[in-house]
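The block underneath contains the structure these notes are about, expressed in structure tokens.
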Amino acid sequence: MARIICPRCHCEKLYRMSTGKRRCSHCRYDFHPHRLPLYLTRDQWKSIITWFLLEQSSQTIANKTGIERKRVLRALTWIRRALIRDVPAVFSGTVEVDETYVGGRWKNKRTSIREKGTKRGRGTKKQPVFGILCRNGLVWAEIVDNVEAATLQPLITSKVKKGSIVCSDSWRAYTGIASKGFVHRMINHGERVYSDGKGNHINGLEGFWGYLKRKLAAKGGIRREKLFLYLGEYVWRYNHRKESEKVKLKRILELLEKEVGG
Ligand SMILES: [Zn+2]
């Protein structure tokens, strides 16, 4: 089996639990390391994915398909884990970078971890999220421990091709990215929602944050350690929003099969 890493924070140091699950030493996420269990038929997967694409709840999917809710929940986790991996590899051209905070109504389980505030959003119990959006409309976003330069700049360097134009607001973590080989266009905070007419704006990412927050709010509170799965889901839905349900179904089936095949 390939090296196992935490699907949430990519940490490699894992504890093996008596159940066979692994627990991440860094973020404490518990997960099953095995590949896709073939406990559902291809037709069952198809109907679960179809209802998932229509954003139905696990209970509704269980009722519609006649599959036990527990198995539906496991299947949905497999789907979300597959979607996380289906992201654009490298961005180029003109890109927008920005960070935001999501959550606030966590279902409490291990709420004690990572409540450390940052200067921005200080005292907040919300989770910082960092995102990159390319002007072709594709977005990438991941939860981050904090919104400082040491965290955000390596993400920009690894996800954005050198020479690209990077638009950001004036948050201090973005200071100095010009020296990393990018053309940096900074938008003043007060005017960040307006375009200056030269294409220097982060309106695309603002739009995605709005979409993400509406979707998460509609969920009515999720477990904090599961946020990365929902974030991955909504990044994927956003990136594929112009495709038909049929195309999306086919794509997700292929992703899951890839997972089974290794
Ligand atoms: Zn982890």
Side-chain angles (χ1 to χ4, degrees), residues 1-37 58 73-90 97-118 120-121 124-132 139-159 173 209 212-213 215-216 219 221-237 255-256 258-260 262:
M1 183 186 264
R3 199 182 46 183
I4 303 165
I5 60 167
C6 170
R8 187 172 183 264
C9 74
H10 320 302
C11 175
E12 292 176 31
K13 201 174 166 232
L14 307 168
Y15 304 115
R16 195 200 181 96
M17 299 161 78
S18 54
T19 55
K21 278 186 164 186
R22 302 294 195 279
R23 173 168 292 171
C24 173
S25 68
H26 178 69
C27 76
R28 320 295 294 174
Y29 182 65
D30 296 342
F31 65 99
H32 227 281
H34 303 301
R35 296 213 172 104
L36 189 67
S58 56
L73 283 168
R74 279 180 69 193
L76 293 177
T77 298
W78 278 105
I79 292 168
R80 293 189 174 105
R81 277 167 67 173
L83 298 186
I84 287 173
R85 276 185 285 279
D86 188 28
V87 288
V90 181
V97 299
D98 194 25
E99 75 301 323
T100 193
Y101 291 85
V102 299
R105 270 193 67 199
W106 303 109
K107 279 195 178 165
N108 48 350
K109 191 188 173 198
R110 300 198 207 105
T111 41
S112 58
I113 57 163
R114 38 175 93 206
E115 299 296 26
K116 43 188 182 213
T118 59
R120 202 179 214 189
T124 180
K125 286 185 176 176
K126 293 188 172 188
Q127 172 70 51
V129 172
F130 174 67
I132 304 174
V139 68
W140 172 89
E142 220 172 64
I143 57 167
V144 285
D145 289 340
N146 58 64
V147 294
E148 298 303 325
T151 302
L152 304 190
Q153 292 198 8
L155 291 173
I156 296 172
T157 310
S158 69
K159 294 296 291 184
W209 296 145
L212 176 68
K213 287 172 187 185
K215 292 295 186 185
L216 291 175
K219 288 270 167 199
I222 54 170
R223 288 221 170 111
R224 188 172 195 140
E225 76 267 24
K226 301 249 179 194
L227 175 67
F228 81 103
L229 288 171
Y230 290 92
L231 179 61
E233 173 186 339
Y234 293 121
V235 164
W236 193 91
R237 284 186 189 275
L255 290 171
L256 288 170
K258 217 182 284 173
E259 201 141 329
V260 179

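Worth knowing before you read on, the calculation uses all heavy atoms, side chains too, and leaves out hydrogens, waters and symmetry mates. Counting starts at 1 for both ligands and their atoms, in listed order. The first residue in the sequence is number 1, and the count goes up from there.
Side-chain atoms of Ser25 come within 3.5 Å of backbone atoms of Lys13 as a donor-acceptor pair (strictly under, hydrogens ignored). Counting only distance, with no hydrogens or angles, the side chain of Lys159 and the backbone of Pro88 share a donor-acceptor pair below 3.5 Å.
Between the SG atom of Cys9 and the SG atom of Cys6, the angle centred on the Zn ion (ligand 1) amounts to 110° when rounded to 10°.
The number of heavy-atom neighbours closer than 6.0 Å to NZ of Lys213, taken from other residues, nucleotides and ligands shown, is above 12.
Residue contacts to the Zn ion (ligand 1): Cys24 brings an N, O or S atom closer than 2.8 Å. The Zn ion (ligand 1) has no N, O or S atom of His26 closer than 2.8 Å.
Partner Glu233 forms a side-chain hydrogen bond (donor to acceptor under 3.5 Å, both in side chains) with one of Arg80, Lys215, Arg81 and no other, that one being Arg80.
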